Number of protein chains: 2
Amino acid sequence: MSRLDRSLISGLPVFEGLQADDLDRMLQSARSLRIEKETPIFEQGGEAHSFFVLLDGRARVVKSTADGQQVIVRYIVPGELMGIAQALGRTTYPASAIAVLDCVVLAWPGRLWPEFATAYPTFGMNTYKTVGARLNDVQTQVVEMATEQVERRVAHSLLRLIKQSGRKTEAGILIDFPITRQDIAEMTGTTLHTVSRLLTAWEEKGLVRSGRQQVTIKEPHRLLLLAEGRSRQD
Amino acid sequence: MSRLDRSLISGLPVFEGLQADDLDRMLQSARSLRIEKETPIFEQGGEAHSFFVLLDGRARVVKSTADGQQVIVRYIVPGELMGIAQALGRTTYPASAIAVLDCVVLAWPGRLWPEFATAYPTFGMNTYKTVGARLNDVQTQVVEMATEQVERRVAHSLLRLIKQSGRKTEAGILIDFPITRQDIAEMTGTTLHTVSRLLTAWEEKGLVRSGRQQVTIKEPHRLLLLAEGRSRQD
DNA sequence: CACCGACTTTGATAAATCGCAAATGAAACC
DNA sequence: GGTTTCATTTGCGATTTATCAAAGTCGGTG
């Protein structure tokens, strides 16, 4: 098995504060995996055999209902943890993760989690910070879904996406991975039809530019006003 | 300062697996507080000076938006942790907690959290399990809000409430604390009017019995069918 | 290069739910 | 006991958004 170089992870926030030899030791029990676009990385309800760090690509975390509807819980970008069921005292994954692009991940056997958390307390702390941030994110999302109507929810979602995955282009800030109207609908609890209508309307106002599987925000500031409900309707 | 007896917490799930003397030591740094009905226990955005265990009463955790709307994130019942911002690497509370009834809580200084987590690893693990369960709950709620319409959401909420806080009576299972139509609306992202109409309709079908600030589920099973969308409409 | 499939747009209609207003009811407070 | 306050109910019109249906568009593939 080829050695994994420490530089793969040394810059990542989760591994911040760890010694070089700690990183090396952690990498000894990691496997590096390549996952093809649109392939599952782990599956909801499945036994949580591993936890992961995404090194390259993008993943979407999806939670499905008994009757087959699904909701995109979040997108994962390189450097982020995913599938950390063990850290939460779970033995199965509460959601699925699917590669949106070809991905490279590091995977550790789930049973190592407790050892890691005690042997590298900084890593444990950092992980719990991540969990805390996510709990907060999800709660914010609940508040949004409870209090805002669709237009503002979609606006907020797009703003979060460009914050997390935005790439600056001449035309504005591009969401840097393929995303369909359907995906946006699944993030915001609406239908692809409504998302399509919103994007068309926004395009006419010059806020965004969108095409097949891509969205560029031309005027983030104005979109934010709209998201916050502070824009007089014109 | 009066000694707190170990029996206060020894039976609680969070403290499970701890030695008697560990409990005693933990209690040495705890204060016991009495909080009057409808008084805040901690406030959103405030510095997270303490974390708490609810010993008696009920608390609701509320998250407010910039424009003053609020959402009830969850109810806390005796034995549960709350305000554990430190465990999530936060320095401020992400939500407020308000006593629904007169409450008794134990409070520990927030700065003790890291010491506790290392000195009593079982306690740490149990706490993270709690966090994991809550993360899962909130995500489930997002999925519900994204995929279900109001009637099913309200049904699910009531079912969760009786699971957590139900008291069996002759008439059925009573939600064991005062709860208004407005409260239920804030849990489910709807209006008190819609909740009122739903409860009236359900009452006519014999599913529930409700009055001022109280709800009794007469037929949990049928309500579940409705919540799951498996009931033919009659 | 034509075809296929996936994604997107758009219109028309229907349904769900909100917002407003007003009336009623029940508990709490002098 | 009377009054006040808060919670609840109910009707109705207005809006939002879903649903259904159909057509258009783009990109890739054989």
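Here is how names work: the chains are called A, B, and so on, in the same order as the sequence lines, proteins then strands, and each is numbered from 1. The structure displayed is predicted, hence computed values, not measured ones.
Separating the CD atom of Gln213(A) from the P atom of dC26(D) is a distance of 14 Å, rounded to the nearest angstrom. Remark: C1' of dA7(D) and CD1 of Ile184(B) are 12 Å apart, rounded to the nearest angstrom. Remark: P of dT10(D) and CG of Leu199(B) are 11 Å apart, rounded to the nearest angstrom. Nucleotide dT8(D) holds its C1' atom 15 Å from the CD atom of Glu204(B), rounded to whole Å. Between Arg209(A) atom CZ and dT8(C) atom C1' there is a gap of 14 Å when expressed in whole angstrom units. Rounded to whole Å, the distance from CZ on Arg181(A) to P on dT25(D) is 15 Å. One can place CD of Glu38(A) at 12 Å from C1' of dA6(C), the figure rounded to the nearest angstrom. Spacing between atom CG of Leu198(B) and atom P of dT9(D) amounts to 11 Å, rounded to whole angstrom units.
Scanning for ring-ring contact (aromatic ring centres under 6.0 Å, His included) contacts around Phe52(A) gives Phe42(A), with sequence neighbours left out. With sequence neighbours left out, the salt bridge (Lys or Arg N to Asp or Glu O under 4.0 Å) criterion links Glu228(A) to no other residue.
Counted by atom type alone, Thr194(B) and Thr191(B) present one or more donor-acceptor pairs between their side chains at under 3.5 Å. Under 3.5 Å, the side chains of Thr190(B) and Arg153(B) contain no donor-acceptor pair of N or O atoms.
Using a 4.0 Å heavy-atom cutoff across all strands shown, Leu192(A) reaches at least one base atom of the nucleic acid. Among the atoms of the strands shown, only primed sugar atoms or phosphate atoms (P, OP1, OP2) are found under 4.0 Å from some heavy atom of Thr180(A).
Side-chain contact check for Glu151(A) versus Trp202(A): some heavy-atom pair is nearer than 4.5 Å.
Classified by interplanar angle (parallel below 30°, tilted 30° to 60°, perpendicular above 60°), the ring pair Trp108(B)/Phe15(B) is tilted.
Proximity of Ser196(B) to the phosphate of dT8(D): no side-chain N or O atom is located under 4.0 Å from OP1 or OP2. Contact between the side-chain N/O atoms of Thr200(A) and the OP1/OP2 oxygens of dT10(C) is found at a separation under 4.0 Å.
Without hydrogens or angle criteria, Gln69(A) side chain to Ser64(A) main chain gives no donor-acceptor distance under 3.5 Å. Judged purely by atom type and a 3.5 angstrom limit, Thr39(A) has no side-chain atom pairing as donor or acceptor with the backbone of Ile35(A). Under the 3.5 Å distance criterion, the side-chain polar atoms of Glu148(B) are left unmatched by any main-chain donor or acceptor of Met145(B).
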In the 5'-to-3' direction, what one-character label does each nucleotide of nucleotides 17-25 of chain C receive under the scheme B = base within less than 4.0 Å of a protein heavy atom, S = sugar-phosphate only, - = no such atom? SSBBB---B
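Two end axes, each from the C1' atoms of five base pairs, can be drawn for the helix from dC1(C)-dG30(D) to dC30(C)-dG1(D); they diverge by 30°, to 10 degrees.
In terms of heavy atoms, Arg134(A) sits closest to Ile76(A) at NH2-CD1, 4.1 Å. In plain terms, the two heavy atoms of Leu33(B) and Ala107(B) that are nearest each other are CD1-CB, 4.1 Å.
Against DNA chain C, the stretch residues 61-69 of chain A makes no heavy-atom approach under 4.0 Å.
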Please report, to 0.1 Å, the donor-acceptor pairs under 3.5 Å made by any side chain of residues 175-185 of chain A, with sequence neighbours excluded.
unit_1, atom_1, unit_2, atom_2, d
Asp176(A), OD1, Arg167(A), NH1, 3.0
Thr180(A), OG1, Gln182(A), N, 3.3
Thr180(A), OG1, Asp183(A), N, 3.0
Thr180(A), OG1, Asp183(A), OD2, 3.2
Arg181(A), NH1, Gly211(A), O, 3.4
Arg181(A), NH2, Ser210(A), OG, 3.2
Arg181(A), NH2, Gly211(A), O, 3.2
Gln182(A), NE2, Glu186(A), OE2, 2.9
Asp183(A), OD2, Thr180(A), N, 3.0

